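Written below as C-alpha cells is the structure these notes are about.
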Amino acid sequence: MGLRLHNTLSRRSEDFHPLEAGRVGVYGCGPTVYGPAHIGNFRAFLFYDLVHRYLEWKGYQVRFVMNFTDVDDKTIQAALDDGVSLQAYTDPWIDRILEEADVLGIRRFDLHPRATDYVEEMLELVQRLLDRGLAYTTEDGSVFYDISAFPAYGQLSGRDLDQARTGERVSADEYGKDDVRDFAVWKGVKQEDEEVGAAWDAPWGRGRPGWHLECSAMALAEVGETLDLHIGGEDLIFPHHEDEIAQSEGATGQPFARYWLHVKHLRVEGRKMSKSLGNFITVGQLLDEGVFPAAIRHQLLSSQYRSELNFTRDGLEASTRAVKRLLAFEDRIREHPVAPDAPPTSLLALSDEATEGFTRAMDDDLNSAGGLAALFVFVNRVNAVLDEVPALDPGERDRAIRVLESLDSVLGLLEVGRRSRIVDASLREWVEERIRARTSARDRKDWGAADTIRDELAERGIVLEDGAGGTRWKWEEDAG
RNA sequence: GGCGCCGUGGCCAAGUGGUAAGGCAGAGGACUGCAAAUCCUCUAUCCCCGGUUCGAAUCCGGGCGGCGCCUCCA
C-alpha cells in the first residue's frame, strides 16, 4: 500500500500518484518576513520538512520550493517604520528564520525564493491575465482579477460565491474594484512603496505585486505549471490558495496543483496564537530558555498535521524525556557487544516490524504520531532483547542500527538531539581520566573517594552512569 | 449567519465496524556499594442519550462541550 494524502480539493484521502512517476514537485507557502517566525510558523515548516524527508525516504526524486514573502503591506510598513529599504529590513529576518529552521533540523529545501526576485515573472503573469481578459486595470494603475471570469473559483475552499459577504470591513473602493470579491494582482504605486524601494515599472503602471500573485509566479517558475503538491497553513485555503488557483490556471490553462495539503494551526497553552494577537512564542525564545531543540521537534511531530496541536511547556518536558530515551537507546545498541557465534534473536523481525509500522502510519496521510509510536515500540522491544543477551550477532545489530537510522532520517530526532552533545577533545580526555581514577577507587571499594570524583564531575554538569560495560558520562542537561 | 473540525487513561496522542498503539507522569519489582540508565508488571470500554449491527471508540440521529476559517496571518 502506498502513500495516501488528504487532499483539500476533494476533502478526502486519495492515493498519491505524482504526474510523472518517481518525481514530485512541491511548493510550500513560506512566511511573510516582517518579524520573527513564531512556533506556529514552525509547525508548518516542520511539516514541510516531514513531507520532504518522507517523499525522499519513499524513493521519490523531489523538487521542493518554499518561498519568502518579502513584499506586502506589512513588510513595507515595517521598513517604513524603521526608515530602511525593504530589502534591508527583510534580509535579517530571512536569515534568522533559516537559522532557527536549521536548529530544528528542518533541512533546506531545493530553493527558497524571495518574491522580490521574481518581479519579472509576475509582470508576465499579469500580462497573460490581461491578455486573456481575466483581469482589468483601474485608474490608479492597479490590476484586479475578475472572479466572474473564472467559474471554478471557490472549488478549493468549498464556498459559494453568491453567499460571500460583500462590503463590510473591506475597503472595496480603495483601489477601485468592480466587485469587492475581485482581488489585486498588482497594486498601483503609493508614496510609501517608493520610499522603501517597493515599486516596479509595469506597462499598466508603476506599482507592486499582489500577495497571491507572488506565490503563483514563484511556483510556476520554479516547480512547473502543474504542481504535484501544494502545502500551506489552513488559514491560506481562502483566499490565498483560491486566488493562486484562479491566477495560475487562468494564465496557463493547466491544473495548478493536484494535491493540496493544509496544516492545522497550533495553540499555545490552550490558547489560540496569532501574530495579530501578539501572543506568539518564537523558537529563539525557547532556545534562549534552554529548551532542547529536539524536544521542540518532537512535540511538533507528536500529533498528525491535520489535528490540533496544543504546544505547552509540560509537553516540552515530556518530549525532552522522550528524545533522551531515544538517545540513550541509540548509545546502548551501538555499544552492545557483538560476537560471531551469538545466538539469533528477534532483532531482524523487530526491525521489519518497525519499518512496516512506521510506513503504515506515515503512508496514512503522514501520521507522524503513529510513526513515532512505531519507533518507540521498536525501542522497547529491542531493549528487552539487549537485556537478555550478552552479545549480539553483528549482522543483527547492524540491521537494527540501520533501521533506527532509517526511521530517524525522516523523524530527525536523533539527528537534532545528538548535536547538543558535542564535546571538545581535551575535555573528553580529562573526564575519562577522572572516570579511570574513580573506577580504581571503586575497585578498592573506596566509596568515599569514588563519590568525591563523581561530585567533582557533577559540579561541571557531568553525570556518570555505571553499567556492565563500564562507566559512561553525559552532560547533565542531556541526561534522563 | 455560511463552511468545517474536534471531544480516547492524570497530561499528550494513535486507532474509523471485531473487542483500546505510543510518549510523559504514577505505583510495585529486577538490577546497583549508593545512584543513574535499562527492563518487567500494573492503571481507560473511548463526552452524554438514542439508533443501526451478531458486534461500534469507530456508522446514523439528537444533546452538551471545545475550536477553526469566512479579514493580514503557517
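Excluded from the calculations below are hydrogen atoms, water molecules and symmetry mates; all remaining heavy atoms, backbone and side chain alike, are included. Per chain, numbering begins at 1; letters A, B, ... match sequence-line order. This one's a predicted model, so the numbers in the text were calculated from it and none came from an experiment.
Using a 4.0 Å heavy-atom cutoff across all strands shown, A/Leu386 reaches no nucleic acid atom at all. Across all strands shown, A/Gly232 has heavy atoms under 4.0 Å from sugar-phosphate atoms exclusively, and none from any base. When heavy atoms are screened at a 4.0 angstrom cut-off, A/Ile237 is found touching no nucleic acid atom at all. Residue contacts for A/Val263: at a heavy-atom cut-off of 4.0 Å it reaches no nucleic acid atom on any strand shown.
Closest to the side chain of A/Lys74, out of B/A13, B/C39, B/C72, is B/C72. Closest to the side chain of A/Ala373, out of B/C69, B/G22, B/C12, is B/G22. Considering only the side chain of A/Lys264, B/C5 comes nearest among B/C5, B/A74, B/G22. Comparing atom distances between the A/Asp364 side chain and each of B/G15, B/C72, B/C39 picks out B/G15 as nearest. When each of B/C72, B/A21, B/A74 is scored by its nearest atom to the side-chain atoms of A/Pro239, the top-ranked nucleotide is B/C72.
Note on A/Asn380: a side-chain N or O is less than 4.0 Å away from OP1 or OP2 of B/G23. A/Asn383 has no side-chain polar atom (N or O) that falls below the 4.0 Å cut-off from OP1 or OP2 of B/A37.
Across the protein-nucleic acid pair, A/His230 atom NE2 and B/A74 atom P stand 12 Å apart, rounded to whole Å. The OH atom of A/Tyr48 sits 6 Å away from the C1' atom of B/A74 (whole-angstrom rounding). With rounding to whole Å, A/Phe109 atom CZ is found 12 Å from B/A74 atom C1'. In this structure, A/Leu350 places its CG atom 16 Å from C1' of B/A21, rounding to the nearest Å. Spacing between atom CZ of A/Arg332 and atom C1' of B/A36 amounts to 13 Å, rounded to whole angstrom units. For A/His265 and B/G66, the NE2 to C1' distance is 17 Å, given to the nearest whole Å.
In a base pair of the Watson-Crick type (N1 to N3 plus N6-O4 or O6-N4) or a G-U wobble (N1-O2 and O6-N3), with each distance short of 3.5 Å, B/C24 is matched with B/G10. Pairing of B/C34, defined by two Watson-Crick or G-U wobble distances under 3.5 Å, is not identified with any nucleotide. Base-pair partner of B/G18: B/C54 (Watson-Crick or G-U wobble, both distances under 3.5 Å). Across every strand in view, B/C39 sits in a pair with B/G29 that passes the Watson-Crick or G-U test at under 3.5 angstrom. When both distances must be under 3.5 Å, the Watson-Crick or G-U wobble mate of B/C69 is B/G2.
Partners of A/Arg108 under the side-chain contact (heavy atoms from CB on, under 4.5 Å) rule, at least two apart in sequence or in another chain, are A/Leu98, A/Asp102, A/His112. A/Trp57 meets the ring-ring contact (aromatic ring centres under 6.0 Å, His included) test with A/Tyr54, A/Phe358; sequence neighbours excluded. Applying the side-chain contact (heavy atoms from CB on, under 4.5 Å) rule to A/Val65 yields the partners A/Tyr27, A/Arg63, A/Leu111, A/Pro113, A/Glu222, A/Val223; only residues at least two apart in sequence or on another chain are considered. Taking the ring-ring contact (aromatic ring centres under 6.0 Å, His included) definition, one finds that A/Phe45 meets it with A/Phe42, sequence neighbours left out. By the ring-ring contact (aromatic ring centres under 6.0 Å, His included) test, A/Tyr305 is found to be paired with A/Phe47, residues two or more places apart in sequence or in another chain being considered. Residues meeting the side-chain contact (heavy atoms from CB on, under 4.5 Å) test with A/Ala322, sequence neighbours left out: A/His298, A/Phe376.
With P as the reference atom, B/G61 and B/C5 are 12 Å apart, rounded to whole Å. Comparing B/C70 with B/A74, their P atoms sit 12 Å apart, to the nearest whole Å. Nucleotides B/C59 and B/A44 are separated by 24 Å at their P atoms, to the nearest Å. When the P atom is used for both B/C24 and B/G50, the distance is 39 Å, rounded to whole Å. The gap from the P atom of B/G7 to that of B/A57 amounts to 15 Å, rounded to the nearest Å.
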Output one letter per nucleotide in nucleotides 24-34 of chain B: B when a protein non-hydrogen atom lies under 4.0 Å from the base, S when only the sugar-phosphate is that close, - when neither is.
SS-------BB
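Using a 4.0 Å cutoff on non-hydrogen atoms, the parts of residues 303-311 of chain A near RNA chain B are A/Ser303, A/Gln304, A/Ser307, A/Glu308, ordered by number.
Between atom CD of residue A/Glu415 and atom CG of residue A/Asp408 there is a gap of 6.5 Å, rounded to the nearest 0.5 Å.
Looking at heavy atoms from C-beta onward, A/Trp93 lies out of side-chain contact with A/Asp70 at the 4.5 angstrom threshold.
Residues A/Glu269 and A/Thr312 have side chains that never bring a donor and an acceptor to within less than 3.5 angstrom of each other.
At distances below 3.5 Å, not a single donor-acceptor pair connects side-chain atoms of A/Asn7 with backbone N or O atoms of A/Arg12.
No aromatic stack links A/His38 and the base of B/A74, using centre distance under 5.5 Å and interplanar angle under 30°.
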Return a table of donor-acceptor pairs under 3.5 angstrom between the side chains of residues 382-393 of chain A and protein atoms on other chains or two or more places apart.
from: A/Asn383; atom 1: OD1; to: A/Arg332; atom 2: NH1; distance (Å): 2.7
from: A/Asn383; atom 1: ND2; to: A/Val379; atom 2: O; distance (Å): 3.2
from: A/Asp387; atom 1: OD1; to: A/Arg332; atom 2: NH2; distance (Å): 2.6
from: A/Asp393; atom 1: OD2; to: A/Gly395; atom 2: N; distance (Å): 3.0
from: A/Asp393; atom 1: OD2; to: A/Glu396; atom 2: N; distance (Å): 3.1

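Less than 6.0 angstrom separates the ring centroid of A/His241 from the ring centroid of A/His262.
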